[in-house]
Structure formats: C-alpha cells, structure tokens
Amino acid sequence: MSLAAQLKLAAVLALLAQAALAVEVTMAFGEKIPPFCFPETDSGIELEVMREALAFRGHVLKPRYYSFARIPVAFKAGEVDAAMTDLGEDMSAWGAHYGNPAVFYDNVFITLKERKLHITKPEDLQGLTVISFVGAAKRYPEWLDPVRKGGRYYEQNDQALQVLTLDRGRYDVVLSDRNIFKYFTLQLKLNKSFHPKPITEHAFVKLNPMDYRPVFRDPMIRDDFNAGLRHLKDSGRFQAIYQKYLAGD
C-alpha cells in the first residue's frame, strides 16, 4: 500500500473512531435569558457556544430547560449529562467534572450619564432607587440589603423594562449583566421612537470567570468540550457568536 493510501486510510479510521465516540449530551439550561438563551428557538449566545464547542469532536447538544434553582437539582438527580452552571454549589461530590468558562455574566450598576453618579461602595446607593433582576438581593446582600430595607429596591423579570424605566428616570440605578442590558437596548432601538440616553457602568464586584463554569458527568466529554471551546476562541468564532446577538453595539 502506498504512503498516500496509508494516510488516507488512517484519516478514515480516525474519523470513524471519533464518530463512534460521539454522543448526545443532554444539558440543563436556565429558562429564557436573552441574549444568552432562547428556549423557544434553542438559540442564544450560551446555547451556540456550548453546541459548537461540543460539536468540535462530534457531540450533539440536547438542551433541557429549567428554572435556575432546578439546574443543580436536575444534574444531581441524573436527569441530564451536563449543566450550564452549578449555581454556586460545589457538585464534585455528585460526579461533576468542571469545564472551562464558556460565557461570562458581568453584573454592573448602570445609571444615566447625565446624573453624574459615582458608585464605588455600598454607601453610595443611599437614597437611590434600584431595580434589578430577580434574586440579586440574595447574591449581593452587602450592597442591596440597606436599599431593600429602605424600601427603595425592586426586582423585575422583564429586563427590557429595566432599560425603559431607567431611561425615563423612574429609577436611579439598574443592576444588570452588561450584555443583557445592551441586548435589550438594541431591541428597543428597533422602535425608531426610542432614543436611549447615554449611560455609565459602575463595576462593583470583581469578575471571576471561575464562578460560572459548566459541569459534565463524563470527564471525556468535558475534555472534548474544553478543546472545542479553545478552538472557538482561537478561530475567532467565539467573538463572532457574541457579535451575532449584540450587533450594532
């Protein structure tokens, strides 16, 4: 057999071996989190990153959607092979193998630039009204407990309303992930009558990428995912997925 034929045969055998190892991966995701997750279309930044990273070595993503609180429960109960996050609970004892961070939730305080507010410590929120995503008060009690006890704290599931109410001056501060706020601003701008005022972002906690990592039951699948994620970043595809949903930013 010629060298060329041997190489061709080796390539075919490698592809067959990879196909034999490829599996469907059921993964727990949170309910609608634009622009990261759209359950009705199985799309979004996080869905696409996970899907393409797993596909790098032939695996097929099968998303399943839960309330955020149910995600670790579903993994521990064996309902899924993987989960988008451990929700702050170390699940190593439940057979979890942690992957590299796929997406980042970067929560910041957002104010109108014209207000010239400076937020660097919890005391800076004194006297200000704050609207946030559901559950933020439990996550950031040092910052939000005084505001909540003062009756100036509100939570809202519809994050498009956060953009609108801040712009109209109904609240002083929004607490949101930067990309989620940008996404809804872009969606609202599709209505030509909406002209958002300039904003200021106030970072108040240090972003730790290791706080939000996917978990896998099979260490081989985890390794394949990490390899695929690295490929997405090296090839520029990772950034392209972000830009697909945040075009115009």
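Note that this is a predicted model, so its numbers are computed, not measured.
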Roughly how far apart are [X] [atom1] and [Y] [atom2], rounded to 0.5 Å?
X	Y	atom1	atom2	answer
Ser176	Ile131	OG	CD1	10.0 Å
Arg139	Asn107	CZ	CG	6.0 Å
Arg148	Asp145	CZ	CG	4.5 Å
Gln159	Ile180	CD	CD1	4.5 Å
Asp42	Glu48	CG	CD	10.5 Å

Can a donor-acceptor pair be found, under 3.5 Å and without considering hydrogens, that links the side chain of [X] to the backbone of [Y]?
X	Y	value
Tyr66	Val73	no
His59	Val23	yes
Asp124	Lys121	yes
Asn226	Asn100	yes
Arg217	Phe75	yes
Asp167	Pro196	no

Report whether Leu87 and Phe104 are members of the same hydrophobic cluster (ILVMFWY, side-chain heavy atoms less than 4.5 Å apart, transitive linking).
no
When hydrophobic residues are tied together by side-chain contacts of less than 4.5 Å, even through go-betweens, does Phe181 share a cluster with Leu207?
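Not linked; separate clusters.
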Set out, in order, the CA-CA distance, both residues' side-chain angles and the distance that settles side chain to side chain donor-acceptor pair (under 3.5 Å) for Asp86 and Tyr212, then state yes or no.
CA-CA 8 Å; Asp86 63 2; Tyr212 189 84; over 6 Å; no
Looking at residues at least two apart in the chain, or sitting in another chain, which of them share a side-chain contact (heavy atoms from CB on, under 4.5 Å) with [X]?
X	answer
Asp211	Asn208
Leu164	Leu161, Arg168, Leu188, Phe194
Ala240	Arg237

Are [X] and [Y] side-chain neighbours, meaning at least one heavy-atom pair lies under 4.5 Å?
X	Y	result
Glu201	Arg178	yes
Pro146	Gln126	no
Tyr245	Phe36	no
Gln156	Ser132	no
Leu61	Met27	yes
Leu229	Val49	yes
Pro35	Phe184	no
Asp218	Arg222	no

ILVMFWY clustering at 4.5 Å (side-chain atoms), partners of Val60
none
Cluster membership besides Trp143, Ile/Leu/Val/Met/Phe/Trp/Tyr side chains within less than 4.5 angstrom, sorted by chain and number, is Phe109, Leu117, Ile119, Leu125, Leu128, Val130, Phe133, Tyr140, Leu144, Val147, Tyr153, Val173, Leu175, Phe204, Val205
Which residues pass the salt bridge (Lys or Arg N to Asp or Glu O under 4.0 Å) test with [X], not counting sequence neighbours?
X	value
Lys197	Glu114
Arg70	Glu79
Glu46	none

Does NZ in Lys233 sit with more than 12 non-hydrogen atoms of other residues, nucleotides or ligands closer than 6.0 Å?
yes
Taking only residues two or more places apart in sequence or in another chain, which ones pass side-chain hydrogen bond (donor to acceptor under 3.5 Å, both in side chains) with Asp90?
Ser92
Taking Arg115 first and then Asp172, would you say they form a salt bridge - that is, a charged N and a carboxylate O separated by under 4.0 Å?
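Looking at Arg115 and Asp172, the cut-off is met.
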Can Lys76 and Glu89 be counted as an ion pair, charged N to O under 4.0 angstrom?
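Here Lys76 pairs with Glu89 in a salt bridge, since their nearest N and O are under 4.0 Å apart.
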Arg64 charged N/C atom sitting above Phe29 aromatic ring, 6.0 Å / 45°:
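Ring-cation test returns no.
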Sequence neighbours left out, what pairs pass side-chain hydrogen bond (donor to acceptor under 3.5 Å, both in side chains) with at least one residue falling in residues 24-33?
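The answer is Thr26-Asp81.
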Checking side-chain polar atoms at under 3.5 Å, does Thr120 have a donor or acceptor matched by the opposite partner on His202?
no
Looking at residues at least two apart in the chain, or sitting in another chain, which of them share a ring-ring contact (aromatic ring centres under 6.0 Å, His included) with Phe225?
Phe216
Applying ring-ring contact (aromatic ring centres under 6.0 Å, His included), name anything that partners Tyr183, two or more places apart in sequence or on another chain.
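Counting only residues at least two positions away or on another chain, Tyr183 forms a ring-ring contact (aromatic ring centres under 6.0 Å, His included) with Phe38.
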Tyr171/Tyr154 aromatic ring centres below 6.0 Å
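Yes.
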Would you name the heavy atoms of Met50 and Ala102 that are closest together and state the gap between them?
CE-CB, 3.9 Å
